[in-house]
Amino acid sequence: MSDKVTSVKKKDMTKVVGRPDSMNDTQFSYCPGCHHGIINRLIGEAIDELGIQEETIGTAPVGCSVFLYKWFDIDVVQPPHGRVSAVATGIKRAKPKKTVFAYQGDGDFASIGTNNSVHAANRGENITVFFINNTLYGMTGGEMAPTTLIGQKTTTTPGGRKAKDFGYPIKMSEMLARLDGPTYITRQAVYDVPRIKSAKRAIVKGFKNQIEEKGYSLIEILSACPINWGLDPVEAVERIKSEVETVYPLGDIIDRG
Amino acid sequence: MVDKQLMRGNEAIAESAIRAGCRNYFAYPITPQAELLQWMAVHMPEAEGGTFLQAESEIGAINMVYGAASAGERTMTSSSSPGVSLKQEGISYLAGADLPAVVVNIMRGGPGLGNIQPAQGDYFQATKGGGHGDYRIITLAPSTVPEASRLTYDAFDLADAYRTPVMILADGMIGQMMEPVELPERKPPEEIPPKPWATTGAKGREGNVIKSFALGGENLKAMNVARFERYEKIEEKEVRYEEVNTDNPDIILAAFGTVARIVKSTIRLAEEEGLEIGLFRPVTVWPFPAARLNELSAEVDTVLTVEMNAGQMVEDVKLAVRPETETPFYGEVGGVVPTPGNILEEVKKYV
Amino acid sequence: MLRGQVDVDSERCKGCGLCIDACPKDVLDFSGDFNSDGYNYVEFANPEECVGCGFCGMVCPDMALTVYSFEEEEVS
């Protein structure tokens, strides 16, 4: 069809998707096919859309997201591992008008940080918490996390996780939903376009709840970790659908906003 | 109008922090520090913009301090020995991220659960760095309630000036005892130095980052070297100590905090027996006043260190004095407080 | 007719293939070439098939794809 057309004028080019303004061009340090990068971009898009780049303070601890401060053009505080919810609380209490988000992996949020995570939720702390669940410790080389599935092989459950040895995959979102403090708790994923759109809405909602002072929002996002799952990025997506989601079903758990 | 009140040490410290412009206090209940927490629960919310929050643990509290400090606010936590142990990681991170904050330790008997009597067993932890990595924290050791008030007030200025955590190292006796205190005036907010480095929202500027981490290209060494240059300035300018009866005494006693106060009574007791005791009292136990102690050690044969622990500051004394100076030690442990009589008896062994 | 254009930042791309999997029109494919990190980056292989839906850019974990949509006006 194109050989008949002598020349084509592109009219009103609009950008459909690309790098959000609140992010710079520093390359991500994530592994190929890691969903952290998708989630980071969705957060950047939400910050752009809500126009809060100059008001937002991010907190991201050591873990795969340790370099988050490099690619976001916002203020970022790096808390000690596991202490994010407490540091975020300290920032928010000191600067109640600013938008504070916590960005934590499952090891950070659901293992060492459980104490702080539970109590920030129980206080209904007016912050937005992104809890990235890839069912293991990524950065340190694929060890078991509290979210590791039964039977899942990791570098510290070489024979597959057995409940009698290391207990069951912990369901933080469902647990915290039992508390009266939180306003919005949802579990999302970003492994395909419909899920990405849903996750984006949840992220925007989490920020909005904070801006409108509605209290604590927890957005758990299932994430692929191809390198430590020993799968290629497309197979890793299949694992989320066929295995992880059976233990960690998607959807809003509470929405009292 | 002089604002003089009869107050407990814990309460004087709390009130002085508020008057120093501290507007963010996070802590966890523990004896013998509890009244400090309780005072803040009542009075911090009364202060304009004041935030009081009882944290889920001492670990939660020190990290809330980390957050508030990152946002450029004056902030404090307080606890007692076991709780301060839980805060060591947080203190290392505060030091590593060059964050100003005040941490109060109302020491008690240890180790482990110990008891709730006064003690000085956390000297090493405070002055030699209880957390990981190379860092020091300015550590101020009051020996009276009025001094605890003044040092807390100064601690916030020192923390801001050198971008470092500052510790108030008191003990259960100072925390619980009541004395008349002349409280400081409220520091006008405009006198609190601005903090352009703080994370307050990147409006009209590049994003600020608060971190203690540097990998690869970023230079952790440079961060450390710069910090130690600041420590040198602190050692040059911020040393504080008190001397009593040190012109040509028979013996000098080195003691800090509550024990130094008991030594003052011992001096009077000894004078009745014609014995001249001198007291050298470090107020900054870091930076340790080594230079002055070295000078003083020229005038006596013996510097006896007296502590409520098994011998901690005595090591700094040994480092500071002249080689020929005798440096014996007398310590009470397990929350036992020495009496002037006990101390005098000990002194007599060396004069 | 709504058309699309995908600009590939070959240095950011890590050859994960998620975009190829997500594209409804088989527009993208591995280039067979390698960037400075040694990743086989993707290329905008079949431009005329692209409708600018943006799926590829949405699933891309590295913001390596910038997708535009435009109206095509034939100018003879």
Side-chain angles (χ1 to χ4, degrees), chain A residues 22-24 26 29 47 51-63 66-100 102 112-123 125 127 139, chain B residues 23-26 28 44 49-75 77 86 88-94 96-97 99 101 131-132 197-218:
Chain A
S22 51
M23 300 179 82
N24 57 55
T26 312
S29 56
I47 288 172
I52 52 173
Q53 179 178 354
E54 294 181 338
E55 304 301 320
T56 301
I57 301 163
T59 59
V62 66
V66 68
F67 287 123
L68 185 130
Y69 63 85
K70 282 190 174 181
W71 34 81
F72 275 96
D73 285 338
I74 61 172
D75 280 357
V76 175
V77 175
Q78 189 185 71
H81 183 46
R83 321 307 184 192
V84 185
S85 292
V87 170
T89 297
I91 299 169
K92 188 67 181 181
R93 293 297 175 116
K95 297 282 176 186
K97 296 203 178 44
K98 301 300 172 184
T99 301
V100 179
I112 184 172
T114 318
N115 182 354
N116 304 133
S117 305
V118 167
H119 287 280
N122 193 55
R123 289 191 300 266
E125 204 67 44
I127 55 177
M139 179 186 198
Chain B
R23 287 296 173 274
N24 298 273
Y25 172 81
F26 311 98
Y28 189 80
M44 183 57 96
T51 294
F52 165 83
L53 182 54
Q54 179 177 314
E56 54 272 20
S57 73
E58 288 92 345
I59 294 171
I62 191 72
N63 282 284
M64 291 174 188
V65 161
Y66 186 96
S70 302
E73 295 290 327
R74 286 196 154 182
T75 180
T77 185
L86 291 178
Q88 291 307 308
E89 177 202 55
I91 291 171
S92 170
Y93 272 78
L94 286 168
L99 286 173
H132 57 285
W197 46 262
T199 53
T200 53
K203 201 186 200 74
R205 61 165 169 72
E206 293 287 310
N208 284 335
V209 181
I210 298 294
K211 64 183 177 69
S212 51
F213 165 78
L215 202 59
E218 297 157 309

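This structure is a prediction, so every number in the text was calculated from the model and none was measured. In the text below, chain A, chain B and the rest are named by the order of the sequence lines, each starting its count at 1.
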Chemist: Determine the minimum heavy-atom distance between B/T199 and A/I57, stating which atoms define it.
Modeler: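 That would be O-CD1, 3.2 Å.
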Chemist: If we define contacts as heavy-atom pairs under 4.5 Å, which of B/G72, B/A68, B/S57, B/G60 has the most with chain A?
Modeler: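 With the most close heavy-atom pairs to chain A, the winner is B/A68.
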Chemist: Measure from the side-chain N and O atoms of B/K211 to the backbone N and O of A/V77, and report whether any donor-acceptor pair falls under 3.5 Å.
Modeler: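 No.
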Chemist: Of all heavy-atom pairs between B/Y66 and A/P79, which one has the smallest distance, and what is that distance?
Modeler: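 Heavy atoms only, the tightest pair is CE2-CA, 4.2 Å.
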Chemist: Among A/K92, A/K97, A/R123, which residue forms the greatest number of heavy-atom pairs with chain B at distances under 4.5 Å?
Modeler: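 Maximum pair count with chain B is reached by A/R123.
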Chemist: Any non-hydrogen side-chain atom of B/L215 less than 4.5 Å from a side-chain atom of A/F67?
Modeler: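 Sidechains of A/F67 and B/L215: in contact.
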Chemist: Apply side-chain contact (heavy atoms from CB on, under 4.5 Å) to residues B/E89 and A/R83 and explain how you reach the verdict.
Modeler: CA-CA 11 Å; B/E89 177 202 55; A/R83 321 307 184 192; 2.9 Å; yes
Chemist: Heavy-atom pairs under 4.5 Å with chain B - which of A/V100, A/D73, A/T56, A/V66 has more of them than the others?
Modeler: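 Most heavy-atom pairs under 4.5 Å with chain B: A/V66.
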Chemist: Heavy-atom distance under 4.5 Å to chain A: side chain of B/T200, backbone, both or neither?
Modeler: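 Answer is both: backbone and side chain atoms of B/T200 are under 4.5 Å from chain A.
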Chemist: Counting only heavy atoms closer than 4.5 Å, note whether B/E56 contacts chain A via side chain, backbone, both or neither.
Modeler: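 Both the backbone and the side chain of B/E56 come within 4.5 Å of chain A.
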Chemist: Could you tell me if the side chain of B/K203 sits less than 4.5 Å from the side chain of A/E55, heavy atoms only?
Modeler: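 Answer yes - side chains close enough.
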Chemist: Do NZ/NE/NH1/NH2 and the carboxylate oxygens of A/R93 and B/E73 come within less than 4.0 Å?
Modeler: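 Looking at A/R93 and B/E73, the cut-off is not met.
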Chemist: Contact part of B/A198 toward chain A, heavy-atom cut-off under 4.5 Å: side chain, backbone, both or neither?
Modeler: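 Only the backbone of B/A198 comes within 4.5 Å of chain A.
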Chemist: Do B/F213 and A/V62 pass the side-chain contact (heavy atoms from CB on, under 4.5 Å) test, and can you show the C-alpha distance, the side-chain angles, and the key distance before you say yes or no?
Modeler: CA-CA 9 Å; B/F213 165 78; A/V62 66; 5.5 Å; no
Chemist: Under 4.5 Å from any heavy atom of chain A, what part of B/N208 do you find: side chain, backbone, both or neither?
Modeler: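 Both backbone and side chain of B/N208 come within 4.5 Å of chain A.
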Chemist: Assess whether a salt bridge exists between B/R205 and A/D75, defined as any Lys/Arg side-chain N lying under 4.0 Å from an Asp/Glu carboxylate O.
Modeler: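 The answer is yes: the pair qualifies as a salt bridge.
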Chemist: Checking A/Y69 side chain against B/G207 main chain: does a donor-acceptor pair fall under 3.5 Å?
Modeler: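 The answer is no, because no donor-acceptor pair under 3.5 Å joins these two groups.
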Chemist: Mind listing the closest non-hydrogen atom pair of A/A94 and B/N24 along with its distance?
Modeler: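 Looking at all heavy atoms of both residues, the closest pair is CA-OD1, 3.4 Å.
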Chemist: At a 4.5 Å cut-off on heavy atoms, which part of A/I74 comes close to chain B: side chain, backbone, both, or neither?
Modeler: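 The backbone, not the side chain.
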Chemist: Any side-chain heavy-atom pair from A/T89 and B/L53 closer than 4.5 angstrom?
Modeler: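 Side-chain contact under 4.5 Å: yes.
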Chemist: Report which part of B/V209 has an atom under 4.5 Å of a heavy atom belonging to chain A: side chain, backbone, both, or neither.
Modeler: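 Both backbone and side chain.
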